[in-house]
Amino acid sequence: MEVRTVDGWERPIPDGGNVVGEFWRAAAQGRLVVQYCPACGARQFYPRLLCTTCGGEPEWQEASGEGVVHTFTVVRQNGMASSSSMRTA
């Protein structure tokens, strides 16, 4: 096996077009923006053309930076069948 190292590799920057363009432009400046619907007050992420609550036209709003992030990870591994799914003859 050959191990290669590369100096100066950078992750690709997403295309700033379409509905997500404003999100990525703000991110490049170190800001977090989310969509806000002035018609119903709902906020949404990921960016969409219409509000998922009322169908209104969302606007961008900068996050205050004072929120709490709740997250989790689900790890699924492929490979050998688990013992519960193995059948005996």
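Just so you know, these numbers use all the heavy atoms, side chains as well, and skip hydrogens, waters and symmetry mates.
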* Any chance you could lay out the side-chain contact (heavy atoms from CB on, under 4.5 Å) test for Arg25 and Val33, step after step, and finish with the verdict? => CA-CA 10 Å; Arg25 282 189 287 280; Val33 294; over 6 Å; no
* **Residues forming a side chain to side chain donor-acceptor pair (under 3.5 Å) with Thr52, sequence neighbours excluded** => Gln44
* Other than Phe72, which residues form its hydrophobic cluster under the rule that side-chain heavy atoms must be closer than 4.5 Å? -> Val74
* Asked: Which salt bridge (charged side-chain N to carboxylate O under 4.0 Å, His left out) pairs, counting each pair once, include a residue from residues 38-60, with sequence neighbours left out?
  -> none
* To do: Can you tell me which residue pairs pass the salt bridge (charged side-chain N to carboxylate O under 4.0 Å, His left out) test with a partner in residues 26-42, sequence neighbours excluded?
  => Arg31-Glu62
* Asked: What residues form a side chain to side chain contact (heavy atoms under 4.5 Å, CB included) with Ala42, not counting sequence neighbours?
  -> Cys40, Cys51, Thr53
* Asked: In terms of hydrophobic clusters joined by side-chain contacts under 4.5 Å, are Val34 and Val20 together?
  -> no
* Any pair with a residue in residues 25-53 that passes ring-ring contact (aromatic ring centres under 6.0 Å, His included), sequence neighbours left out, goes on the list, sorted by first then second residue, please. => Phe23-Phe45
* To do: Mind checking side chain to side chain contact (heavy atoms under 4.5 Å, CB included) for Leu50 and listing every partner two or more places apart, or none if nothing turns up?
  => none
* Which residues satisfy the side chain to side chain contact (heavy atoms under 4.5 Å, CB included) test with Ala27, sequence neighbours excluded? -> Trp24
